[in-house]
Amino acid sequence: MKLLAYAKINLGLHVLARRPDGFHDLETVFHQINLFDEIEILPHNILEFSTESRDVPRDSSNLCLRAATLLQQRHRVSSGARIRLNKRIPVGAGLGGGSSDAAAVLKGLTRHWNLGLSPSILHDLAAQIGSDVPFFLEGGTSFATGRGDKLNAFKLRVPYWILVVTPPIHVSTAWAYSNLELSASGVNYDLRASLVRMMEDSRRGELLMNDFEPMVFSAHPEIRAIKESMLQEGARFALLSGSGSSVFGLFTEENRARAAAKPFPANHTISLTEPNFRPESH
Ligand code: C5P
């Protein structure tokens, strides 16, 4: 069985408050882009994982293995599986690659082992693996609250070319949250309404923010420089994705977006998504 695990960007991200369980409540819009990992699941008597990527951990922090082991144990599955990962989404980049892989493995193994699990059981398993894993079960575009696991359908057309540039910098999500200075202001704007306005008129993105930008930019000025470069090259809007290190820019013209990707050296990962993109199966 072959599966595609698509990456996401965050169209705005507001961190509200630290919770007693150590996580943070947030508001964001997850939006999948045309960049994906490939996962293959083959019959096998034990669980086995392989990848050629040097960035993917081989220990218990590997999210594909965590997903497979959790499913196997909870549902007392006696067989295993061979999981192969072709990693194309950069790691530690704010694009949800590991979470998307985990969701694909959960869905794939549920079918492979004929478990017939309900969406709500899968959602609960996904949330145990990571805050944004539940989003990738359905994918597409979603307005998320809670720690990122409470999902609300949000139909949004993004009529722009989306350029994503990832420098060779890994930003740890845990580090980013623990260094974040929370503003006491709360959310004083409606994220969904301002996104809808921005999709109609690209000059109206001024309210769309990512609360991680100030501290991530001050720790890594080269990430701020990517945003500035994109804006200089004609992006209508540019923003950090998740806790970084990726920056995305929205462009009205394909050739402008391609030109904006040119200044970055080969150690940067570049991806370009066409307007109104929907991943396969949507
Ligand atoms: O859920 P996930 O494993 O992706 O989160 C990684 C780390 O990021 C958590 O251990 C936590 O420190 C932080 N985090 C948070 N609030 C969230 C999501 C993540 O504090 N909503």
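Numbers for residues simply follow the sequence, beginning at 1. Order of listing sets the numbers, starting from 1, for every ligand and every atom in it.
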**Q** What about Asp132: any of its N or O atoms under 3.5 Å from an N or O on ligand 1?
**A** no

**Q** Near Gly22, which atoms of ligand 1 are under 4.0 Å from a heavy atom of that residue?
**A** 20 (O)

**Q** Is there a salt bridge (charged side-chain N to carboxylate O under 4.0 Å, His left out) between Glu213 and Lys227 once you walk through the steps?
**A** CA-CA 10 Å; Glu213 273 194 351; Lys227 174 169 172 166; 3.0 Å; yes

**Q** Measure the distance from atom 19 (C) of ligand 1 to every protein heavy atom, then report the residue, atom name and distance (to 0.1 Å) of the closest one.
**A** Tyr177 CE1, 3.4 Å

**Q** With heavy-atom distances below 4.0 Å as the criterion, list the atoms of ligand 1 near Phe23.
**A** 1 (O), 9 (C), 14 (N), 15 (C), 16 (N), 17 (C), 18 (C), 19 (C), 20 (O)

**Q** Should you measure from each heavy atom of Leu26, which atoms of ligand 1 turn up under 4.0 Å away?
**A** 21 (N)

**Q** Under 3.5 Å, is there a donor on one side chain and an acceptor on the other for Thr166 and Thr269?
**A** no

**Q** For Ser99 and Asp132, which I'm curious about, is there any donor-acceptor pair between the side chains at under 3.5 Å?
**A** yes

**Q** Closer than 4.0 Å to some heavy atom of Gly130 - which atoms of ligand 1 meet that?
**A** 1 (O)

**Q** Do you know which two heavy atoms are closest between Ile33 and Thr273, and how far apart they sit?
**A** CB-OG1, 3.3 Å

**Q** Below 4.0 angstrom from a heavy atom of His24, which ligand 1 atoms are there? Numbered from 1 as shown, please.
**A** 15 (C), 16 (N), 17 (C), 20 (O), 21 (N)

**Q** For atom 4 (O) of ligand 1, find the nearest protein heavy atom and state the residue, atom name and distance (0.1 Å precision).
**A** Ser131 N, 3.9 Å

**Q** Please determine whether the number of non-hydrogen atoms from other residues, nucleotides or ligands lying under 6.0 Å from atom CZ of Arg66 exceeds 12.
**A** yes

**Q** Take a 6.0 Å sphere around CZ of Arg147 and say whether it holds more than 12 heavy atoms from other residues, nucleotides or ligands.
**A** yes

